[in-house]
Amino acid sequence: MADPIIHGPALSTYARSVRLALEENGISYKLNEVNVLGAIPPDHLKRQPFGKVPAFEHDGFALHETQAINRYIDETFGGKKLQPADAKKRARMNQIIGILDSYGYPSMISAVVIERVVKPMMKAEPDEAKIKGAMPLAETSLDALEGLIGRNQFLAGEEISLADLHAVPIFEYFSQTPEGKTAIAKRPNVAAWWSRIKDRPSCVKTRPQLG
Ligand SMILES: N[C@@H](CCC(=O)N[C@@H](CS)C(=O)NCC(=O)O)C(=O)O
């Protein structure tokens, strides 16, 4: 069986979630560093018609959308299960992934991290109004996670799951902003989860180097 291929840059949060799913199971893979910051390469649009990363390939099977890719990885490769067998726990994991996709990523990454971290790296001024406008949604997302994690070790229970792997790349960048540092520190369950998970071997191995 050939190694799976992830098409996407190492800096991408969503590509990192897929890499984390493979790393957690010790599965080797090839990373094809597609650059999506400028014009999207036409061959990438054939893999991902929305011009996003990642796209994934395994044994001639092509797939995009991180949720679908990570469930495929979990259901195809042997090893540690990253989705709870219990239906209620699995629903909780999927709820958290939905929160991250719909509210967490758009506020914490698309607004706060892009303005506070990425734009200054490109010598551009951050849009303070955009950051301020996004924080209420980021805070609500963190409140939801704070309640759901409760006293669990991981976001969706006592075992690591795809919910954690969806969240780690978002927290990695958000925690580097002053707004993110403060917002995480205000929520003890989320703060404890982040400090427990951030230096896990799969996280260290895939940690992006900014700047
Ligand atoms: N629904 C997609 C979203 C992927 C996504 O938004 N990826 C970001 C990078 S982390 C991207 O491609 N951004 C480039 C852009 O929006 O132009 C998925 O789940 O894979």
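In listed order, ligands and their atoms are each counted from 1. Atom set for the values below is all heavy atoms of this structure, side chains included, hydrogens, waters and symmetry mates excluded.
In this structure, Pro54 has a heavy atom closer than 4.0 Å to ligand 1.
Closest to atom 19 (O) of ligand 1 among all protein heavy atoms lies Thr66 N, 3.1 Å. The nearest heavy-atom contact from the protein to atom 11 (C) of ligand 1 is Lys52 CD, 3.7 Å. Here the heavy atom of the protein found nearest to atom 14 (C) of ligand 1 is Val36 CG2, 3.9 Å. For atom 1 (N) of ligand 1, the nearest protein heavy atom (residue, atom name, distance) is Glu65 OE1, 2.5 Å.
Contact annotation: for Phe50 versus ligand 1, there are no heavy atoms closer than 4.0 Å.
In summary, the side chains of Asp101 and Tyr14 do present a donor paired with an acceptor at a separation below 3.5 Å, with no hydrogens or angles considered.
With side-chain heavy atoms closer than 4.5 Å counting as contact, directly or through intermediates, the hydrophobic cluster containing Val53 also holds Val34, Val36, Ile40, Leu45.
Using a cut-off of 4.0 Å between Lys/Arg side-chain N and Asp/Glu carboxylate O, Glu159 and Lys80 are scored as not salt-bridged. With respect to Asp199 and Arg207, a salt bridge is recorded, a charged nitrogen being found less than 4.0 Å from a carboxylate O. For Glu128 and Arg116, the salt-bridge test passes: some basic side-chain N is under 4.0 Å from an acidic carboxylate O.
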Side-chain polar contacts of residues 134-142 - donor-acceptor pairs under 3.5 angstrom, sequence neighbours left out - could you list them?
from, atom 1, to, atom 2, distance (Å)
Glu139, OE1, Arg187, NH1, 2.9
Glu139, OE1, Arg187, NH2, 2.7
Thr140, OG1, Pro136, O, 2.9
Ser141, OG, Leu137, O, 2.7

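Every atom of ligand 1 is numbered from 1 in the order shown, and the set under 4.0 Å from a heavy atom of Tyr105 is 8 (C), 9 (C), 10 (S).
Exactly one residue among Leu165, Asn70, Asp164 makes a side chain to side chain contact (heavy atoms under 4.5 Å, CB included) with Leu82. That residue is Leu165.
Polar contact check, Ser12 against ligand 1: no nitrogen or oxygen pair lies under 3.5 Å apart. Close N/O approach between Tyr14 and ligand 1 is not found [any backbone or side-chain N/O within under 3.5 Å].
Of all the listed residues (Val53, Thr13, Ile97, Ile40), Val53 holds the heavy atom that lies closest to atom 12 (O) of ligand 1.
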